[in-house]
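Down below is the structure, laid out as structure tokens.
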4 protein chains.
Amino acid sequence: MSKREQILKAALSLFIENGFDKTPTSAISKSAEVATGTLFHHFKTKEDLINALYLEVKFAMLEHLAAKTALATNLSGNTENGLKTQIKALWSSMIDWVLEHPEEFRFLSQFGESALIANNTHEKVEAAFADYQALFTQGIEEGLFYDLPLDLILSLTTSHIFASCNYFLQQPELWQDSEIQRKLFTSFWSVLAKFK
Amino acid sequence: MSKREQILKAALSLFIENGFDKTPTSAISKSAEVATGTLFHHFKTKEDLINALYLEVKFAMLEHLAAKTALATNLSGNTENGLKTQIKALWSSMIDWVLEHPEEFRFLSQFGESALIANNTHEKVEAAFADYQALFTQGIEEGLFYDLPLDLILSLTTSHIFASCNYFLQQPELWQDSEIQRKLFTSFWSVLAKFK
Amino acid sequence: MSKREQILKAALSLFIENGFDKTPTSAISKSAEVATGTLFHHFKTKEDLINALYLEVKFAMLEHLAAKTALATNLSGNTENGLKTQIKALWSSMIDWVLEHPEEFRFLSQFGESALIANNTHEKVEAAFADYQALFTQGIEEGLFYDLPLDLILSLTTSHIFASCNYFLQQPELWQDSEIQRKLFTSFWSVLAKFK
Amino acid sequence: MSKREQILKAALSLFIENGFDKTPTSAISKSAEVATGTLFHHFKTKEDLINALYLEVKFAMLEHLAAKTALATNLSGNTENGLKTQIKALWSSMIDWVLEHPEEFRFLSQFGESALIANNTHEKVEAAFADYQALFTQGIEEGLFYDLPLDLILSLTTSHIFASCNYFLQQPELWQDSEIQRKLFTSFWSVLAKFK
DNA sequence: AATGAATGAGACTTCATTCAT
DNA sequence: TATGAATGAAGTCTCATTCAT
């Protein structure tokens, strides 16, 4: 692992454990076993570091989703209920990834909305997730979803997933229960879809 | 307004504007027009201050909900669909309060999950909200809601309301549109209820 | 006990326990169960308080010595070895008092040399102890003691007593051992006297 | 001189002049001509600084004593009165060192008994002085000294030396007077020895 | 005499960042 | 690329003292 990677890894753990402001850069470099100067060699400032970390995590998540949902899309073809299938794949891939990457998820929960993440950073992420967003636009346009503003729809679904993930992180065994999965997806789906 | 209240008010504004760590206690006392020592006369530490503020805000919200929903309960009597009526009253009172108290809502959004709020504080709040929580227990027990853990149900509904509130704070005029209200409550209700 | 006395008593305990600077006046008034303002009603400043306390303690000690050694003097008459008898009485009365008033002794040990005690205060004390000092002048003049400066003699004897008292405070039962008393007085006496 | 040494030197002067609590760390760094942060780079806290300083001073004194008394030991051989010779060498080396290092001595006088010096620190010092302590154990065991507890003996002798040093610091020319030296050592010796 | 809320100067310490090596 | 001693501005909190009641 390169020193840059050591630093990112140490920062991830420390930021979620103590928060950004309660994590001195000296603690990061110590935990990463590099000198204090080395951190600033790789990241101009502490805020640069957290933005770089945010991008790494979001893109890692994206790669996972891409791998899982590409498969789902191919299997389903483009049948009439293709949208529901795709969104279900997205939904469950997301929860899978979170359960495999709990620290990363906690990081996104804590810092995704914080002012530390620059607009510039958010824009890069949004561009990368454009394809997924398009699924929701499609659902609204086809009259399958409630006729509500796209942003509101996205926000409602995102927060439903986040709440579910938080719950499963506490009780991971529940995710194995297919009955619970079914109920929960029904709840999720009905947040946006007019019909079950 | 007592000096204590001046301090709480100033802290509320500054914390949501800049965050906890980016708000020096000196800025709070300055904005509250009291001496630096006065802040520490009333609140032993800066963390004590934010916990006291959290309690004040939560209890103010509770009072508003109590006033509004007591009314709703009386009107509805205890008819068969009493639960849905009560929860709808709760839902809309909540959004009403948020739109009337945007700073307080932003404060709860930012700090409700943060490690700054002590367990002790959370416990006091939960005790005060026990009656509302009971509504959800009832819904689960009566088989009206999904048979999912109470905590999960609460978390899903809370995050639905929060996402809605956040949206209306950006677009307050949409809350006047009764059609949107209807759709959104339908979405909200179906997060937890098996039947529409 | 008057409030003034309550304050002095609380201050004594706290000063020896934590030191002068580590004892807030607020802690003193709290321990004395009076209001913060009351302390400053009786003592103009915190330094005034410690000076008042120093005087109280020194005069209390003096009273004890006077009571004990007056007796000794009367019994001994003014025989040739009167001086040794008187000094022995002084020596043992002093240790008696210390063992009965350990807090007061610790207070004198810690603050007797400190810059907190004003010259003015020291002068009052010295005036009150003039009679005892005269004993040592007499010993030097009579050629019984080493021909060394009075200040040095006083300093050597005082520190011998202090060291002994400190020891007996740790091991009070040793003071009951008359053999040890005898040896220790022999040691003490030979610090100043040419002959045993 | 390294920055660390500059800080220790400045702290020594300021502590004895004003006391620990009346010496702001800002005054130390200013007097040492280093930045405020530099002090805390070398010493984690202000108390760490005074403990480090205490060790430095005690070890410097020890080195001086070792150099002087090693010589004395060699000259004296192990004749019958070797112990008295050695202790006299110790006694006069000690006073020599104090007169050459008045600030260091005042520092030890003021802080040696204070609660600021950690047990841990005292233990390190005691270990280093074990050889000298052994001389006194020997004196007691050989029946040359009073049969009193070692701690008490050490305490009595230490305070005799301290009182003498304090006196000579006021009147350094007296230390040149060999007659006074002789009397004073006789006084010192008779604190512990049964025979002159 | 007694109270205690209010004051504000000043204390210790932290920490992101730099720079000479 | 890597190091870590050095920096100094800025932060939280303490505390002796005052004064209106």
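From a predicted model like this one, the values you see are computed outputs, not experimental measurements. So that the names make sense, note that chain A is the first sequence line, chain B the second, and so on, each numbered from 1.
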Taking only residues two or more places apart in sequence, or in another chain, which ones meet D:A32 in a side chain to side chain contact (heavy atoms under 4.5 Å, CB included)? D:Q6, D:I7, D:A10, D:V34
In whole Å, what is the span from the CZ atom of C:R4 to the C1' atom of E:dT3? 19 Å
Where at least one partner belongs to residues 16-37 of chain C, residue pairs that pass ring-ring contact (aromatic ring centres under 6.0 Å, His included), sequence neighbours excluded: C:F15-C:F20
Strictly distance-based, threshold 3.5 Å: is any side-chain N or O of A:N51 a donor or acceptor partner for the main-chain N or O of A:L116? yes
Selection residues 51-63 of chain A - residue pairs positive for salt bridge (charged side-chain N to carboxylate O under 4.0 Å, His left out), sequence neighbours left out: A:R4-A:E56
Whether each nucleotide of nucleotides 16-21 of chain F has a protein heavy atom under 4.0 Å at its base (B), only at its sugar-phosphate (S) or at neither (-) is summarised, 5' to 3', as BBB---
Starting at atom CG of A:L39, determine the distance to atom P of F:dG4, rounded to an integer number of angstrom. 14 Å
Measure from CD1 on A:I7 to C1' on F:dT3 and round the result to the nearest Å. 12 Å
Partner residues of A:T45 under the side chain to side chain contact (heavy atoms under 4.5 Å, CB included) criterion, sequence neighbours left out: A:E47, A:D48
Whole angstroms only, please: what is the CG-C1' distance between B:D48 and F:dC13? 12 Å
Under the ring-ring contact (aromatic ring centres under 6.0 Å, His included) rule, what pairs show up with a residue in residues 22-59 of chain D, not counting sequence neighbours? D:Y54-D:H122
Tell me every residue that passes salt bridge (charged side-chain N to carboxylate O under 4.0 Å, His left out) with D:E5, counting only those two or more places apart in sequence or in another chain. none
Heavy-atom nearest nucleotide on DNA chain E for C:H41 versus B:K3: which residue maps closer to 5'? C:H41
Checking D:F162 now: which residues fulfil ring pair (Phe, Tyr, Trp, His ring centres under 6.0 Å) with it, not counting sequence neighbours? D:F105
Where does DNA chain E pair, written as one dot-bracket string 5' to 3', with Watson-Crick or G-U pairs under 3.5 Å, ( ) inside the strand, [ ] for crossing pairs and | for another strand? .||||||||||||||||||||
